[in-house]
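Notes to accompany the following structure.
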Protein chains: 2
Amino acid sequence: MANLTKCINMMDEGIGRVSMVIPQMPAAEARLSRLMLMVGSSLEEELEAKLKPHKLNHSDFLTLMILYSRPDGHSTPGELCEFASQGATNMTRIANALVKRGLITRRAGEADRRCVLIHITAAGRRLVQKMLPPLFPRISAMFAGFSEADKRDLNRLLRKLARNLDQLSKEAV
Amino acid sequence: MANLTKCINMMDEGIGRVSMVIPQMPAAEARLSRLMLMVGSSLEEELEAKLKPHKLNHSDFLTLMILYSRPDGHSTPGELCEFASQGATNMTRIANALVKRGLITRRAGEADRRCVLIHITAAGRRLVQKMLPPLFPRISAMFAGFSEADKRDLNRLLRKLARNLDQLSKEAV
DNA sequence: ATCTTTTATTTCATCGATGAAATGTTTTCT
DNA sequence: AGAAAACATTTCATCGATGAAATAAAAGAT
């Protein structure tokens, strides 16, 4: 929808001109950040579009996937907040919606009774198993033309970038 | 804020377990998509945090930067919609806010009088020139430890990914 | 035993984004 | 000239996200 290539071209020209006026700008790095932002949000759009028919948004889906991918299919709201990068208010709302659809259940915690144990249900598992396979061709197509070395490199570089971002936000305190 | 590394670790374990249950999943590619999404949104958070003190969000800032980086400092709403990936309604709202702050002006188009010409003002330029330099150290820090080859690779791979995403959304019609 | 902290929810108010539909100009088509 | 298309705005209704504050229950600290 967004025509990424066209946006990237115009970004390239723009950064070129700005760095003429402001030479101390780290142009290569600025370009990389913009690329990350553009490709990232395009990917997000693509994903949301595929989730829409199932009446799930990214946060809902991510929450469900975290539970699905857990050894015992459960977690707590606090943990889900952390891994899905959501506030507590938001997670309560998400959980309410998923409970209402019968995809998860809430129980009282056993060890620590302050916690709530959120379990994925059989229906939740079935939904995930129905949703995932149709995504596979598109996920593969995204990386068409990537050699094994390309994938390894991208993987390595994204993780390195992630570590740097963590470092940045840690210092920001 | 999000502790990206921790989220990535849990994603790795999760994908490992899911691909045991669903072996036909393209695990490496799924991992890469998740990485892109996570790093992308972390980057977005980082950027928004830096913009907040100036009372600008990402869309506002992007719109202003597009104008700033233009040879003649102007564009039209339609063009801005395209390059900032915004709907027309949204762009009208953004432009209203920027006009109110004196950062841009609206004029009637000369060649095509249906179009509106949006110009960045002197105040708009001053704001951009004041905002950018403090961002530079952080942009550089994001890519700390990246060799020149790393940056070239990341650049190349992101552009390749972008082309594939464009292809995907074109086919989706 | 009391105080504090942790955990989750509820309530409330707000903000930005979104999309559809109607409107008004201006240009283009035929 | 008249019809159709393009451009931008306005209006309206809605939705998801957000954050602060109050509440309640349980665990931990001293």
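None of these values were measured; they are calculated from a predicted model. Naming convention: chains lettered A, B, ... in sequence-line order (proteins, then strands); numbering from 1 in each chain.
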Identify, between Asn57(A) and Thr89(B), the residue whose nearest nucleotide on DNA chain D lies closer to the 5' end.
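Looking at the nearest nucleotide for each, Thr89(B) comes out on the 5' side.
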
Expressed as a whole number of angstroms, how long is the span from [X]:[atom1] to [N]:[atom2]?
X: Glu82(B); N: dA6(D); atom1: CD; atom2: C1'; result: 15 Å
X: Leu117(B); N: dT25(C); atom1: CG; atom2: P; result: 19 Å
X: Glu48(B); N: dT18(D); atom1: CD; atom2: P; result: 10 Å
X: Ile118(A); N: dT9(C); atom1: CD1; atom2: C1'; result: 12 Å
X: Gln86(A); N: dT9(C); atom1: CD; atom2: P; result: 14 Å
X: Asp112(B); N: dA5(D); atom1: CG; atom2: P; result: 17 Å
X: Arg93(A); N: dT11(C); atom1: CZ; atom2: P; result: 15 Å
X: Glu110(A); N: dA26(D); atom1: CD; atom2: P; result: 15 Å

Flag for Asn90(A)-Arg93(A): side-chain donor and acceptor within less than 3.5 Å
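The criterion, which ignores hydrogens and geometry beyond distance, is satisfied for Asn90(A) and Arg93(A).
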
Proximity to the side chain of [X] - top-ranked nucleotide from [options]:
X: Thr76(B); options: dA8(D), dT18(C), dT9(D); result: dA8(D)
X: Arg113(A); options: dT9(D), dA27(D), dG19(D); result: dA27(D)
X: Asn90(B); options: dA17(C), dT7(C), dT9(D); result: dA17(C)
X: Asn96(B); options: dT9(C), dT9(D), dT10(D); result: dT10(D)
X: Ala88(B); options: dT9(C), dT7(C), dT9(D); result: dT9(D)

Donor-acceptor pair (no angle test) under 3.5 Å: Arg114(A) side chain, dT6(C) base:
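Checked by distance alone, the answer is yes.
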
